[in-house]
Amino acid sequence: MIISLPADLADKLDARRARYAGPGAAVVPPHITLVSGRAADSWEDAATHVRKVAAAGEPFTLSLRGTGTFEPVSPVVYLNVESGAQHCAELHEALLDGPVEHLLEYDFHPHLTVAHDLDAEAMAQAKVEMADFAADFVVTSIGLYDYLAGDWALREELDLGGDGKP
């Protein structure tokens with residue numbers, strides 16, 4: 001489950017990310033991960049739960065400000081989520097309060113990855129050049145993805161505060 005970015009902001013970030021990691025950076029569009037995991041049992045039970053969480057949510061403003069890193073634990077440079085971080089954490093917890101498993105070994109920290117697992121020079125360049133980045137947008141939905149045919153695919157985009165139906 002992710003928060004997608006408005007198209008214009010995603011395009012701007014894709015262009016910046018390509019400077020650090022080349023054209024392959026655009027394989028995964030810019031997003032904020034809410035849960036990186038899978039259905040605990042059945043896909044339909046998990047999807048029903050995610051729909052209910054989205055329906056119970058409300059749109060909120062999210063702001064991205066400056067860079068951070070998970071180094072030395074993980075080679076990641078990211079944009080900080082300032083305003084909206086608490087909403088992301090609440091969605092994360094609500095999504096896990098059901099038949100969804102979070103598969104990462106790290107604690108949840110809302111962020112938008114800019115550079116990952118690159119050489120030290122590219123990581124440093126991303127951290128410095130994106131340090132003054134700032135953007136705000138309204139989050140109105142969450143994306144429900146599934147791993148199909150060796151790739152992540154959007155199954156449903158669910159409106160926050162919606163009726164919970166696809």
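All residue numbers in this chain count up from 1 along the given sequence.
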- Task: Enumerate the residue pairs fulfilling side chain to side chain donor-acceptor pair (under 3.5 Å) with a member in residues 125-136, sequence neighbours excluded, ordered by first and then second residue.
- Result: R19-E129, Y20-E129, R65-D136, Q125-E129

- Message: Using the ring pair (Phe, Tyr, Trp, His ring centres under 6.0 Å) criterion, which residues pair with F108? Sequence neighbours excluded.
- Response: H92

- Task: Please round to the nearest 0.5 Å and tell me the distance separating atom CG of L112 and atom CG of L64.
- Result: 6.0 Å

- Item | Minimum heavy-atom distance between L5 and P30, given as atom pair plus value | CD1-O, 3.7 Å

- Beyond-backbone contact of V76 with T113, side-chain heavy atoms, under 4.5 angstrom: yes

- Using modelled atom types only, decide if a donor and an acceptor are shared between the side chain of S42 and the backbone of D45 within a distance under 3.5 Å. yes

- Task: Answer whether the closest heavy-atom distance between the side chains of D146 and W43 falls below 4.5 Å.
- Result: yes

- Item | Residue pair S63 / V81, side-chain heavy-atom distance below 4.5 Å | no

- How about S141 and L158: do any of their side-chain heavy atoms sit closer than 4.5 Å? no

- Query: Can you list the residues that meet the side-chain contact (heavy atoms from CB on, under 4.5 Å) rule with A56, with sequence neighbours excluded?
  - Reply: none

- With side chains defined as the heavy atoms from C-beta onward, is the minimum distance between L13 and L79 less than 4.5 Å? yes

- Query: For D11, which residues count as a side chain to side chain donor-acceptor pair (under 3.5 Å) partner, sequence neighbours excluded?
  - Reply: none

- Query: salt bridge (Lys or Arg N to Asp or Glu O under 4.0 Å): which pairs involve residues 70-89, sequence neighbours left out?
  - Reply: none

- Task: With sequence neighbours excluded, tell me which residues meet side chain to side chain donor-acceptor pair (under 3.5 Å) with D119.
- Result: none

- Exercise: identify the closest heavy-atom pair between G143 and L154: CA-CD1, 3.8 Å

- Message: Using 0.5 Å steps for rounding, measure from the CG atom of D97 to the CG atom of L95.
- Response: 9.5 Å

- Considering only heavy atoms from C-beta outward, does the side chain of T61 approach that of V139 to under 4.5 Å? no

- With the side chain counted from C-beta on, respond yes when I2 and L34 share a heavy-atom pair under 4.5 Å apart, and no when they do not. no

- The reported gap from CD1 in I3 to CG in L91 (rounded to nearest 0.5 angstrom) is 6.5 Å

- Which value, rounded to the nearest 0.5 Å, describes the distance between T48 atom OG1 and R51 atom CZ? 5.0 Å

- Query: If we only count heavy atoms from C-beta on, is the M130 to V114 side-chain gap below 4.5 Å?
  - Reply: yes

- NE2/H31 to CD1/I142 distance, rounded to the nearest 0.5 angstrom? 13.0 Å

- Task: Show which residues join Y106 in its hydrophobic cluster (side-chain heavy-atom contacts under 4.5 Å, direct or indirect), or state none.
- Result: V73

- Would you check, one step at a time, whether the test side-chain contact (heavy atoms from CB on, under 4.5 Å) holds for V100 with M1? CA-CA 10 Å; V100 175; M1 284 60 63; 3.5 Å; yes

- Query: Closest approach of V138 and P59, non-hydrogen atoms and distance?
  - Reply: CG1-CB, 4.3 Å

- Item | Partners passing side chain to side chain donor-acceptor pair (under 3.5 Å) against E121 (at least two apart in sequence or in another chain) | none

- Message: Once rounded to the nearest 0.5 Å, what's the spacing between atom CZ of R17 and atom CG of L118?
- Response: 10.5 Å

- Task: Return the set of residues passing side chain to side chain donor-acceptor pair (under 3.5 Å) with T67 (not counting sequence neighbours), or none when no residue passes.
- Result: none

- Query: Residues two or more places apart in sequence or in another chain: which of them pass ring pair (Phe, Tyr, Trp, His ring centres under 6.0 Å) with F60?
  - Reply: H87

- Minimum heavy-atom distance between P99 and A46, given as atom pair plus value: O-CB, 3.5 Å

- Just wondering, are more than 12 heavy atoms of other shown residues or ligands nearer than 6.0 Å to CD in E44? yes

- Task: Kindly write out the residues that satisfy ring pair (Phe, Tyr, Trp, His ring centres under 6.0 Å) with H111, not counting sequence neighbours, or none if the list is empty.
- Result: F70, Y78

- Item | Sequence-distant partners of A15, side-chain contact (heavy atoms from CB on, under 4.5 Å), two or more places apart | none

